[in-house]
Amino acid sequence: MPELPEVETTRRGIAPHIEGQKIDQVTIRNHKLRWPIPSDLADILGGQTIQSISRRAKYLLFQCDSGLLIIHLGMSGHLQIMTESDPIAKHSHFEIQLENKLILRFTDPRRFGAVLWTQEKSDDYHLLNHLGPEPLSDDFSSEYLIPLLTGRRCSIKTFIMNGHYVVGVGNIYANEALFLARIHPKTPAGEVVEADVDSLVRVIKEVLTKAIAAGGTTLKDFRKSDGKPGYFAQQLNVYGREGEACPQCASLIKQYKESQRASFYCPQCQTL
DNA sequence: ACATTGACCTGGGAGC
DNA sequence: TGCTCCCAGGTCAATG
């Protein structure tokens with residue numbers, strides 16, 4: 001479910017309620033996520049203050065007094081600020097009760113998400129140390145990408161969804177960015193010409209920025225931390241629109257499968 | 001080093 | 001209604 005804009009939307013929604021708050025109590029209802037929630041996490045977190053919450057790629061990082069709480073939303077996870085009277089959903093696996101009586105509750109039906117703890121520096125942590133630069137930073141540029149692309153035979157779509165090189169871009173925004181840059185998703189990564197790499201960098205930043213401004217994309221179950229949907233779905237050009245008219249040229253949007261993920265493109269605007 | 005595939009899970013919708 | 005099959009926003013690990 002959540003790509004960078006949805007994770008960032010979540011971060012912005014919960015930060016004002018939790019930053020600077022002391023943790024009263026932690027409840028783990030189900031340890032079995034992508035990786036097990038550390039069994040001593042409740043003891044570790046109790047009494048600590050959440051100093052700040054930041055984001056790296058699609059990971060949320062909660063800086064606590066003695067280490068870092070790391071949450072990944074997986075495909076179906078969401079974090080919401082709730083109160084004691086809010087009912088506990090079937091798949092609410094983890095929650096933090098704060099001194100201000102608010103509850104940060106993690107719900108994830110498919111359990112592809114993760115709740116982890118480390119005392120390492122975030123850049124050294126094994127799930128974060130291999131990640132590409134933040135796409136909205138100046139480090140993410142065509143100068144950075146061009147050397148990585150040369151000679152590569154995977155498709156450009158597969159490439160931009162690979163967190164080793166580009167982070168935050170999942171299936172929705174990969175399709176949208178390639179449409180905006182007028183690049184066919186099957187184009188071998190090493191054959192994307194420099195001018196198109198420039199465009200691609202520009203549109204990735206643009207589409208992520210606009211999606212954050214809209215509060216993310218709600219297809220079915222993504223909800224902002226206040227329970228409301230994000231509105232970027234209305235601005236999608238190709239994702240989920242097979243058979244509809246391309247907004248640029250009115251050709252019919254096509255779909256195909258690539259490594260078990262649906263790819264959408266306009267056969268007129270995005271040629272091989 | 002790189003490319004491809006399977007694995008982890010549940011729920012919703014389509015089709016019969 | 002109910003069954004089966006397919007699909008879904010992620011990404012690591014294992015395999016050539």
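Lettering follows sequence order; numbering is per chain, from 1.
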*Asks:* Any stacking of A:Phe112 on B:dC8, going by centres under 5.5 angstrom and planes within less than 30 degrees?
*Replies:* yes

*Asks:* Mind calculating the distance between CG (A:Leu73) and P (B:dC8) to the nearest angstrom?
*Replies:* 22 Å

*Asks:* Using the six-membered ring wherever Trp is involved, compare the ring planes of A:Phe232 and A:Tyr173 and label them parallel, tilted or perpendicular (cut-offs 30° and 60°).
*Replies:* tilted

*Asks:* Which part of the nucleic acid does A:Gly163 contact within heavy-atom distance under 4.0 Å: base, sugar-phosphate only, or nothing?
*Replies:* nothing

*Asks:* Exactly one of A:Lys157, A:Glu176, A:Glu258, A:Glu3 should register a side-chain hydrogen bond (donor to acceptor under 3.5 Å, both in side chains) with A:Asn171. Which one does?
*Replies:* A:Lys157

*Asks:* Assign A:Arg111 to base, sugar-phosphate, or nothing according to its heavy-atom contacts below 4.0 angstrom with the strands shown.
*Replies:* sugar-phosphate

*Asks:* As a test of reading the structure: which of C:dG9, C:dC12, B:dT4 is closest to the side chain of A:Ile172, going by heavy atoms?
*Replies:* C:dG9

*Asks:* May I ask you to establish whether A:Arg153 and A:Phe159 are in a cation-pi arrangement, using a distance under 6.0 Å from NZ or CZ to the six-membered ring centre and at most 45° from the ring axis?
*Replies:*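 Geometry flag: not set, cation outside 6.0 Å or 45°.
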
*Asks:* Just need the stems in DNA chain C: three or more back-to-back Watson-Crick or G-U pairs, each with both distances under 3.5 angstrom, sorted by first number.
*Replies:*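 Detected stem regions: B:2-8 with C:10-16, B:10-16 with C:2-8.
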
*Asks:* Any base atoms under 4.0 Å from A:Lys58, or only sugar-phosphate, or nothing? Heavy atoms, all strands.
*Replies:* sugar-phosphate

*Asks:* Applying side-chain hydrogen bond (donor to acceptor under 3.5 Å, both in side chains), can you list everything that pairs with A:Ser137, at least two apart in sequence or on another chain?
*Replies:*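 Here no residue qualifies.
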
*Asks:* How does protein reach along nucleotides 2-8 of chain C, written 5' to 3' as B (base within reach of a heavy atom under 4.0 Å), S (only sugar-phosphate), or - (no contact)?
*Replies:* ------B

*Asks:* When you measure from the side chain of A:Glu6, which nucleotide among B:dT5, B:dT4, C:dG9 comes out closest?
*Replies:* C:dG9

*Asks:* Please give the distance between the C1' atoms of C:dC12 and B:dG11 as a whole number of Å.
*Replies:* 23 Å

